[in-house]
Asks: 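Here you go, one structure.
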Amino acid sequence: MAEKIVLIDGHSILNRAFFGLPDLTNAEGLHTNAIYGFLNIMLKILEEEKPEYLTVAFDVHAPTFRHEMYADYKGTRKPMAEELRQQVPVMKEVLTAMGIRIIEKAGLEADDLLGTIAGRCEASGMEVSVISGDRDLLQLATEHTKIRIPKTKRGGTQIEDYYAADVKEKYGVTPHEFIDMKSLMGDTSDNIPGVPSIGEKTAAKIIAEYHSIENAYEHVDELKPPRASRALKEHWDMAVMSKTLATICVDADIDYDIEGARLGNIFTEQAYPLFQRLQFKNLLGRFEVEGPKNEVEDHFRIISSRAEAETVFERARKAERVGAAILKNTADVPPLFASQAKAGGAALCFGEEEIYCICAGEELAAKEILEKLGQTAAGAGCFAIFGLKEAMASFTPGRQDNCFDGIIAAYLLNPLKSDYTFEDVAREQLSLLLDEKQEDEARACYEAYCAWKSQPILADKLEEAGMLRLFEEIEMPLVFTLFDMERNGVKVEAAELKDYGDRLAVQIEKLEQEIYQESGEVFNINSPKQLGVILFEKMGLKGGKKTKTGYSTAADVLEKLAPDYPFVAKILEYRQLAKLKSTYADGLAVFIGEDGRIHGKFNQTITATGRISSTEPNLQNIPVRMELGRLIRKVFVPEEGYVFVDADYSQIELRVLAHCSGDRQLIEAYREEKDIHRITASQVFHTPFDQVTDLQRRNAKAVNFGIVYGISSFGLSQDLSITRKEAAQYIEQYFKTYPGIKVFLDNAVAQAKEKGYVTTLFGRRRPVPELSSSNFAQRSFGERVAMNSPIQGTAADIMKIAMIGVERQMKERGMRSRLVLQVHDELLVEAWEPEVEEVRKILKNEMEHAASLEVPLEVDMHTGMSWYEAK
DNA sequence: ATAATCACG
DNA sequence: ACGTACGTGATTATC
């Protein structure tokens with residue numbers, strides 16, 4: 001095996017880490033997030049590649065030769081943020097302490113150092129990995145040098161790898177030609193001007209054909225489009241200069257001794273105190289040496305005696321604020337089922353030095369501890385915990401109104417994260433970094449301490465953001481409502497579900513045979529790849545490429561072909577049936593519990609807009625639009641002696657829009673209580689109400705939907721299969737009819753641009769970071785988000801208020817009826833027969849009066865002996 | 001693990 | 001010249 005070297009573009013990765021992580025500071029106030037992120041990326045790569053050598057290259061921060069030479073042409077390079085600048089020397093110090101080779105040289109950019117070293121190493125037979133956030137480096141890719149670009153996606157960092165062949169595949173040009181391509185298209189992030197009016201597409205085309213700008217220039221009159229030809233002629237000097245700027249030097253005159261880059265143990269004695277100072281606590285565990293514990297840990301007390309436990313509970317009960325955590329009993333549970341682990345005790349914190357973990361054992365049963373915990377919670381002024389709904393599987397808080405869930409608070413403060421953990425809260429709110437490996441008891445103590453410590457901080461932040469009422473009056477009460485819904489579950493007829501699945505299986509089998517017959521081949525119909533080949537190559541249908549990996553076989557593509565090819569219609573039917581069987585018939589069956597009911601989860605911290613989400617299984621996407629799918633709802637039934645009452649809001653989002661925009665015309669339309677899409681059609685198309693055609697109504701409906709989604713002429717044109725121009729005209733007419741709506745939507749975007757977020761009627765925030773993107777598509781997306789989120793979010797808020805109200809009414813009246821499902825604008829109640837009329841009244845009243853808007857909120861209601869009947 | 005597809009509001 | 005409707009989750013194939 002060839003030896004391996006990893007080369008890191010220091011500033012580029014620091015920069016990426018800086019913008020990818022929330023702000024972190026250590027006790028001295030030194031910002032540390034970029035260093036932390038850098039180390040994480042580096043460690044991940046080292047673990048993956050296990051190289052023999054490692055070198056990090058930095059720019060020297062004086063203007064370099066290449067840049068100086070063309071100083072006039074180069075835009076102003078943004079000064080580095082101070083928070084990042086101060087981390088650079090510390091980063092170098094850390095790397096040096098870890099025994100990692102750093103290279104920098106005045107007059108040379110990191111790119112040139114990397115290029116030169118990569119070239120030398122490869123020449124001596126090594127495999128090279130270059131790590132950078134900068135695509136510029138792609139020109140260095142060869143068969144033995146791969147360029148690795150870490151990307152921060154939602155959820156974590158992925159790394160894109162490029163060997164020469166990958167560059168060719170993605171851009172259609174060789175790494176060397178990539179330089180020429182850049183010279184034409186330019187690169188704003190790297191201050192390469194390029195040739196005006198030539199973009200990525202044109203540049204790629206020209207270079208793919210002519211291979212270099214020089215050759216292209218020789219054939220300049222043949223270049224297409226003519227615009228590019230003119231541009232290159234006129235700006236040839238710019239192209240040449242850009243090429244100089246874009247070319248990375250691979251034969252720089254540097255001293256580089258490979259042995260100086262050999263990788264040893266990087267968790268050195270010298271690095272340890274540095275890591276401590278930077279408070280990278282979860283990395284400290286990687287050092288062999290044993291460090292002193294965090295001061296907080298000195299106050300952890302693990303208790304298993306009854307007498308001591310009682311004292312602690314008693315003192316906690318009287319405390320103004322208590323933080324708590326459930327101790328998981330992982331001992332007798334295999335790791336795979338760790339999430340199902342039963343509680344083995346509880347941790348409590350009610351002061352900086354009052355942190356206890358009470359464990360079950362010979363003296364105390366877990367059950368007793370948890371019962372005590374519930375009682376204790378009732379006494380405390382504030383009971384803080386992370387993940388209350390989940391914790392309630394183990395205990396019941398004695399009171400609801402003093403509970404504070406730090407996870408929910410963290411979600412409201414930033415709803416864009418993919419998950420919420422107490423470790424994140426500790427890091428973000430308390431600047432406390434935890435050791436990775438912890439005993440269960442210490443973990444529980446930490447969690448209880450963080451709950452206690454972070455509560456006032458989170459509450460202050462909620463207050464400051466204007467979300468404290470939202471938190472206290474909607475989100476926290478909702479925790480209990482959702483908990484009850486999950487515990488209630490919904491009854492599903494297992495036998496009938498199986499029958500349904502069997503009937504589907506028969507039809508699927510039949511279709512499958514017909515499809516094989518007609519295509520003359522047995523293949524996997526479920527594989528879009530194979531299907532694409534059969535349809536578009538073997539059978540020669542026209543419908544070109546659409547996805548990165550090949551032909552698109554999505555329904556909207558196939559639907560256009562179906563009228564002409566019955567075969568395609570069969571594929572669509574097969575797909576439909578296969579979906580119903582796998583996701584619904586078979587998929588739901590596995591969730592039916594011993595009690596004959598499905599206890600799905602309703603998640604409160606998933607969506608960016610404030611909606612609830614449903615998983616394991618998803619009960620919010622049970623088919624309804626097509627009759628065949630809709631039949632599944634017949635297996636959702638009420639228990640003996642009960643009936644279903646289903647209530648759904650009529651067009652809640654449009655009504656919210658009418659209210660929030662204050663548009664007189666739309667408000668009037670709703671007060672008339674007539675068919676809103678017909679009214680819209682009548683007004684937009686200047687047609688008397690009774691003469692509106694079905695087509696006009698359908699179009700008006702699509703525009704109404706489009707408005708809610710953050711309209712664009714493109715999107716509308718796709719939806720209605722009309723030209724963009726026509727779509728644009730519809731929109732223009734619409735805004736003329738409802739001028740208030742245009743003002744409202746424009747305001748939403750303006751607010752998002754100014755403040756970075758939009759808000760709902762109840763103060764819920766949704767950040768819109770995409771608006772500051774330099775990418776057009778991203779920015780447009782941000783604009784649509786800014787328009788849609790206040791509407792979707794306000795509707796979600798209203799539904800949450802209604803749910804709390806409905807449940808409260810049913811509980812206060814001691815009713816047996818119970819809430820079982822929520823589907824965004826719909827509630828399903830399993831009503832005890834004698835209570836049906838009362839349930840109907842409660843649902844109607846609570847839902848219609850959950851908010852008082854300028855327009856009435858209307859609720860449609862149905863009863864039935866299955867979800868199918870009640871909808 | 002990710003992409004493609006498709007179910008819902 | 002760019003390139004999309006907003007918000008979700010489950011399944012399947014494929015890497």
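To find a chain, count down the sequence lines: A is the first, B the second, and so on, and within it residues start at 1.
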Asks: Counting only side-chain heavy atoms from C-beta out, which of C:dG3, C:dG7, B:dA7 sits nearest to A:Gln792?
Replies: C:dG7
Asks: Reading DNA chain C from 5' onward, which residue's closest nucleotide shows up sooner: A:Thr202 or A:Asn788?
Replies: A:Thr202
Asks: If only side-chain N and O atoms of A:Arg575 are considered, is one of them under 4.0 Å from the OP1 or OP2 phosphate oxygen of B:dC6?
Replies: yes
Asks: Provide, to the nearest angstrom, the distance between the CD1 atom belonging to A:Ile159 and the P atom belonging to C:dC15.
Replies: 21 Å
Asks: Need one value for A:Ala555: base, sugar-phosphate or nothing, where a base atom within 4.0 Å counts as base even if backbone is also close, heavy atoms only.
Replies: sugar-phosphate
Asks: Can you find a donor-acceptor N/O pair under 3.5 angstrom joining the side chain of A:Arg784 to the base of C:dG7?
Replies: no
Asks: When you compare B:dA3 with C:dT4, how far apart are their P atoms, in angstrom units rounded to a whole number?
Replies: 14 Å
Asks: Using a heavy-atom cut-off of under 4.0 Å over every strand shown, decide if A:Arg630 touches base, sugar-phosphate, or nothing.
Replies: nothing
Asks: Measuring from A:Leu580:CG to A:Leu504:CG, what's the distance to the nearest 0.5 Å?
Replies: 6.0 Å
Asks: Of all the nucleotides listed (C:dT4, B:dG9, C:dT8), which has the minimum atom distance to the side chain of A:Thr607?
Replies: C:dT8
Asks: Of the nucleotides B:dA7, C:dA5, C:dA13, which has the atom closest to the A:Asn524 side chain?
Replies: C:dA13
Asks: Please determine if a side-chain N or O atom of A:Ser780 lies less than 4.0 Å away from the OP1 or OP2 oxygen of C:dC2.
Replies: no
Asks: Report which part of the nucleic acid A:Ala228 touches: base, sugar-phosphate, or nothing (heavy-atom distance under 4.0 Å, all strands).
Replies: nothing
Asks: If you assign A:Ser713 and A:Ser613 each to the DNA chain C nucleotide with the nearest heavy atom, which residue ends up on the more 5' nucleotide?
Replies: A:Ser713
Asks: Kindly compute the distance separating CD1 (A:Ile534) from OG (A:Ser527), expressed to the nearest 0.5 Å.
Replies: 10.0 Å
Asks: Calculate the interatomic distance between A:Ile622 atom CD1 and C:dA10 atom P; express it in whole Å.
Replies: 11 Å
Asks: Any base atoms under 4.0 Å from A:Glu653, or only sugar-phosphate, or nothing? Heavy atoms, all strands.
Replies: nothing
Asks: Students often get this wrong, so: under 4.0 angstrom with heavy atoms, is A:Gly587 touching a base, only sugar-phosphate, or nothing?
Replies: sugar-phosphate
Asks: From C:dA10, B:dC6, C:dT8, pick the nucleotide closest to the side chain of A:Ala608?
Replies: C:dT8
Asks: Check the distance between B:dA4's P and A:Ile525's CD1 and give it to me in whole angstrom.
Replies: 20 Å
Asks: Would you name the heavy atoms of A:Ile711 and A:Leu716 that are closest together and state the gap between them?
Replies: CD1-CD2, 4.5 Å
Asks: Nearest whole angstrom, please: distance from the P of B:dC6 to the CG of A:Leu580.
Replies: 12 Å
Asks: Who does C:dA1 pair with, Watson-Crick or G-U, both distances under 3.5 Å?
Replies: none
Asks: What's the CD1-C1' distance between A:Ile612 and B:dG9, to the nearest Å?
Replies: 13 Å
Asks: At 4.0 Å (heavy atoms only), tell me whether A:Phe781 reaches a base, stays on the sugar-phosphate, or touches nothing.
Replies: sugar-phosphate
Asks: In the structure I gave you, are the side-chain heavy atoms of A:Leu416 and A:Arg766 within less than 4.5 Å of one another anywhere?
Replies: yes
Asks: OP1 or OP2 of B:dG9 less than 4.0 angstrom from a side-chain nitrogen or oxygen of A:Asn621, does that happen here?
Replies: no
Asks: Taking NZ from A:Lys871 and C1' from B:dG9, how many angstroms apart are they, rounded to a whole number?
Replies: 9 Å
Asks: Closer than 4.0 angstrom, basic N to acidic O: yes or no for A:Arg784 and A:Glu770?
Replies: no
Asks: Nearest to the side chain of A:Lys529, which nucleotide is it out of C:dG3, B:dA7, C:dC15?
Replies: C:dC15
Asks: Is the distance from OP1 or OP2 of C:dT8 to the nearest side-chain N or O of A:Thr609 less than 4.0 Å?
Replies: no
Asks: Is A:Ser527 touching bases, backbone alone, or none of the nucleic acid, heavy atoms closer than 4.0 Å?
Replies: sugar-phosphate
Asks: How many whole angstroms separate atom NZ of A:Lys205 from atom P of C:dA1?
Replies: 11 Å
Asks: Could you give the CG-to-C1' distance, from A:Leu588 to B:dC8, as a whole number of Å?
Replies: 13 Å
Asks: Can the ring centroids of A:Tyr730 and A:Tyr734 be said to lie less than 6.0 angstrom from one another?
Replies: no
Asks: Using atom P of each nucleotide, how far apart are C:dA5 and B:dT5 to the nearest Å?
Replies: 13 Å
Asks: Would you classify A:Val708 as touching base, sugar-phosphate or nothing, given that sugar-phosphate means primed atoms plus P, OP1 and OP2, and contacts are heavy atoms under 4.0 Å?
Replies: nothing
Asks: Just to be sure I understand the rule, does A:Ile791 reach a base, reach only the sugar-phosphate, or reach nothing, if contact means heavy atoms closer than 4.0 Å?
Replies: nothing
Asks: Compare the minimum distances between each of B:dG9, C:dG3, C:dG9 and the side chain of A:Ile606, then state the nucleotide with the smallest one.
Replies: C:dG9
Asks: Does C:dT11 have OP1 or OP2 sitting under 4.0 Å from an N or O in the side chain of A:Lys581?
Replies: no
Asks: Can you tell which of C:dT12, C:dG7, B:dT5 lies closest to the side chain of A:Ser552?
Replies: B:dT5
Asks: Using a cut-off of 4.0 Å on non-hydrogen atoms, how would the nucleic acid contact of A:Ser614 be classed: base, sugar-phosphate, or nothing?
Replies: sugar-phosphate
Asks: Any base atoms under 4.0 Å from A:Arg625, or only sugar-phosphate, or nothing? Heavy atoms, all strands.
Replies: base
Asks: Partner of B:dT2 by Watson-Crick or G-U wobble geometry, both contacts under 3.5 Å, or none?
Replies: C:dA13
Asks: Is there a side-chain contact between A:Val195 and A:Ser242 in this structure, where contact means two heavy atoms from C-beta onward sitting under 4.5 Å apart?
Replies: no
Asks: Do the side-chain N or O atoms of A:Gln530 get closer than 4.0 angstrom to the phosphate oxygens (OP1, OP2) of C:dT14?
Replies: yes
Asks: Checking the side chain of A:Ser614 only, and the main-chain atoms of A:Leu619 only, is there a donor and an acceptor separated by less than 3.5 Å?
Replies: yes
Asks: Among the nucleotides C:dG7, C:dA10, C:dC2, which one has an atom lying closest to any side-chain atom of A:Lys579?
Replies: C:dA10
Asks: How about A:Val568 and A:Leu541: do any of their side-chain heavy atoms sit closer than 4.5 Å?
Replies: yes
Asks: Under the 5.5 Å and 30° test, is A:Phe776 stacked on the base of C:dC2?
Replies: no
Asks: At 4.0 Å (heavy atoms only), tell me whether A:Asp719 reaches a base, stays on the sugar-phosphate, or touches nothing.
Replies: base
